[in-house]
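One structure below.
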Amino acid sequence: MKSLSNVSLKDFNTFGVDVKAKQLISVTSEQELLRVLKDFYAEELFILGGGSNMLLTRDLDKTVLHINLTGIHILSETENEVLIEAGAGENWHQFVMWCVDRNFGGLENLSLIPGNVGTSPIQNIGAYGVELKDRFHSCEAIHIQTLEKKTFHLEDCEFGYRDSVFKGPLKDQYIITKVVFRLTKNHHSLITSYGAIKQELYSKGIKALGIREISDAVISIRQSKLPDPRKLGNSGSFFKNPIISEEKFKKLQKNYPDVPHYPLANGDFKVPGGWLIEKAGLKGFRKGDAGVHEKQALVLVNYGRASGQEILSLAKMIQKKVKEKFAITLQPEVNIF
Ligand code: EPU
């Protein structure tokens, strides 16, 4: 267990925002985690995973508990299926690469997503036609107050678009310690329906398609338009893609016939937030060191020394402009503290 006082969290959040925490405790085992939870009242703790889905806007007068539980194990396997358990503190992309290297299929479309394994179920991460829930078997979590250990199966998690029970009714109640994934060994179901993947595979002339090729294609696509947090601070998509009623969508389409859209099963439409922000004239906009990414307007970036407050002001300005132009409210995807 490591403990530091009055420490900068700059290296612990992918936005690279420089705020301070009263104390930072990093735990590397479940025993250490339980010990810290026993010693502290829940309200004194701020739980930190990979720091990839948060915007910190002020110093934290709290103890930050960094979940650094690692380890990857095969739990069981059949002829075509394997259950793999990964510690919450495992880096997501490195875990995906571990699976791809062993030809375990299912997570390749989720290559290069920043963050850790433990936070992946909280917002049901997704990209290029796959969501975490499609490969999720279960996760183990510890209740912050009662210290009770609980296993959550797929049906317990209430997964939705960038949403789960851990963001809703059980928010801030549990710490996820490990996640189990159900992956394939031979007969992989390769998801290449997403247009950008098709184009990438086509332009590379890929004929023999496997999970490695898909992972490589996803990595190329992401690298071509999403900024690498190690070089340019960001938190992936800052906003969710808004979901609007059919009536509202038809009106929008009348004015903007080229609006990209995805019809949903309930009759609503999902519209890309990046497109709305771009049409509002804000793609590439920059104020100080806070900016709208030049290649993907849904992503906000920190060019160096932007404060969390500056990034938040930019986000609010974007919401206002998009609302004025389209009467659509963008909801942040990242958690703001
Ligand atoms: N678009 C624009 N301008 C932009 C950005 C996008 O016109 O500046 C248009 C694109 O041309 C395209 C559409 O919007 O027609 C969708 O764009 P893209 O394929 O880049 O995906 P997205 O909807 O912006 C979502 C996820 C991403 C995920 C990609 C690929 C959300 C909030 N974001 O973005 O996830 O990688 O699809 O599946 O659902 C993340 O959550 O952090 C994230 C990066």
Side-chain angles (χ1 to χ4, degrees), residues 80-81 92-115 120 123-136 159-162 181-229 234 236-244 249 252-253 256-266 268-279 283-284 293-299 333:
N80 191 41
E81 241 183 37
W92 175 263
H93 178 64
Q94 277 163 22
F95 170 59
V96 173
M97 289 299 100
W98 186 95
C99 297
V100 171
D101 287 345
R102 286 157 184 80
N103 197 36
F104 295 148
L107 299 178
E108 53 283 356
N109 294 52
L110 304 178
S111 298
L112 216 60
I113 294 185
S120 63
Q123 58 146 348
N124 181 26
I125 58 171
Y128 306 106
V130 175
E131 282 186 333
L132 173 114
K133 72 170 171 51
D134 306 328
R135 313 294 183 230
F136 177 90
F159 287 125
Y161 168 56
R162 295 295 189 276
F181 299 87
R182 187 195 295 280
L183 304 182
T184 47
K185 284 165 64 182
N186 328 292
H187 306 293
H188 306 305
S189 75
L190 304 175
I191 311 285
T192 56
S193 47
Y194 205 90
I197 293 194
K198 272 193 203 142
Q199 277 163 24
E200 181 69 24
L201 294 170
Y202 180 76
S203 71
K204 281 190 177 154
I206 303 284
K207 297 251 158 47
L209 187 60
I211 60 175
R212 168 76 63 191
E213 287 69 31
I214 294 189
S215 171
D216 286 349
V218 167
I219 290 172
S220 295
I221 301 165
R222 291 190 75 101
Q223 283 176 338
S224 72
K225 59 178 173 182
L226 294 170
D228 178 349
N234 76 90
S237 304
F238 191 89
F239 300 102
K240 290 188 197 181
N241 283 329
I243 293 171
I244 56 176
F249 173 69
L252 179 68
Q253 200 182 33
Y256 302 92
D258 63 333
V259 56
H261 56 279
Y262 318 100
L264 303 179
N266 68 353
D268 288 346
F269 283 80
K270 200 193 259 183
V271 179
W275 183 89
L276 297 169
I277 298 170
E278 183 173 343
K279 287 283 165 193
K283 193 171 185 168
H293 189 45
E294 289 166 345
K295 295 183 189 154
Q296 217 315 356
L298 202 53
V299 177
E333 187 201 302

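Just so it is clear, the model here is predicted, and its values are computed rather than measured.
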Worksheet item: When you measure from the side chain of Q296 to the backbone N and O of L298, does any donor-acceptor pair fall under 3.5 Å?
Response: yes
Worksheet item: Is the W275 to Y262 ring centre distance short of 6.0 Å?
Response: no
Worksheet item: Under the 3.5 angstrom rule, does the side chain of S120 hit a backbone N or O of I125 as a donor-acceptor pair?
Response: no
Worksheet item: Which atom names give the shortest non-hydrogen contact between P260 and P272, and what distance separates them?
Response: O-CD, 3.1 Å
Please tabulate, one pair per line, all N/O donor-acceptor pairs under 3.5 Å involving side-chain atoms of residues 213-220, not counting sequence neighbours.
| unit_1 | atom_1 | unit_2 | atom_2 | d |
| --- | --- | --- | --- | --- |
| E213 | OE1 | G210 | N | 2.8 |
| S215 | OG | S111 | OG | 2.9 |
| S220 | OG | E200 | OE2 | 3.4 |
| S220 | OG | K204 | NZ | 3.2 |
| S220 | OG | D216 | O | 3.2 |

Worksheet item: Any ion pair linking D228 and R222 (charged N to carboxylate O, less than 4.0 Å)?
Response: no
Worksheet entry | Counterpart residues, ring pair (Phe, Tyr, Trp, His ring centres under 6.0 Å), relative to F104 (two or more places apart) | none
Worksheet item: Rounded to the nearest 0.5 Å, how far apart are CD of E108 and SG of C99?
Response: 9.0 Å
Fill in: Side-chain touch F249/H261, heavy atoms, less than 4.5 angstrom
yes
Worksheet item: For K279 and L276, what are the C-alpha separation, side-chain angles and deciding distance, and is it a side chain to side chain contact (heavy atoms under 4.5 Å, CB included)?
Response: CA-CA 5 Å; K279 287 283 165 193; L276 297 169; 5.9 Å; no
Worksheet item: How many angstroms lie between atom OH of Y161 and atom CG of L264, to the nearest 0.5 angstrom?
Response: 10.0 Å
Fill in: Stepwise side chain to side chain contact (heavy atoms under 4.5 Å, CB included) check, L252 with F269
CA-CA 11 Å; L252 179 68; F269 283 80; over 6 Å; no
Worksheet item: Sub-3.5 Å donor-acceptor pair from the side chain of N241 to the main-chain atoms of K270, do we have one?
Response: no
Item to complete: Go through the structure and list residues passing side-chain hydrogen bond (donor to acceptor under 3.5 Å, both in side chains) with D258, not counting sequence neighbours.
Response: none
Worksheet item: How many angstroms lie between atom CD1 of I206 and atom CD1 of I197, to the nearest 0.5 angstrom?
Response: 12.0 Å
Practice prompt. Report the distance from atom CG of L107 to atom CH2 of W92, rounding to the nearest 0.5 Å.
Written response: 4.5 Å
Practice prompt. Apply side-chain hydrogen bond (donor to acceptor under 3.5 Å, both in side chains) to H93 and list each qualifying residue two or more places apart in sequence or on a separate chain.
Written response: none
Discussion item. Keeping N124 on the side-chain end and K133 on the backbone end, is there a donor-acceptor pair under 3.5 Å?
Written reply: yes
Discussion item. Nearest 0.5 angstrom please: E333 CD to R162 CZ, how far?
Written reply: 5.0 Å
Item to complete: Check N266 against D268 and note the closest heavy-atom contact, atom names and distance.
Response: OD1-N, 2.9 Å
Discussion item. For F95 and W98, take the angle between the two ring planes, folded into 0 to 90°, and tell me which bin it lands in: parallel under 30, tilted 30 to 60, perpendicular over 60.
Written reply: parallel
Worksheet entry | Contacts of E294 that satisfy side-chain hydrogen bond (donor to acceptor under 3.5 Å, both in side chains) - sequence neighbours left out | none
Fill in: Distance, nearest 0.5 Å, that separates CG of N109 from CD1 of I191
6.5 Å
Practice prompt. Mind jotting down which residue pairs meet the ring-ring contact (aromatic ring centres under 6.0 Å, His included) criterion with at least one end in residues 192-220? Sequence neighbours excluded, please.
Written response: Y128-Y194
Worksheet item: Mind checking whether R212 and D101 have side chains closer than 4.5 Å, heavy atoms only?
Response: yes
Discussion item. Tell me if a side-chain donor or acceptor on H293 pairs with a main-chain N or O of K225 at a distance below 3.5 Å.
Written reply: yes
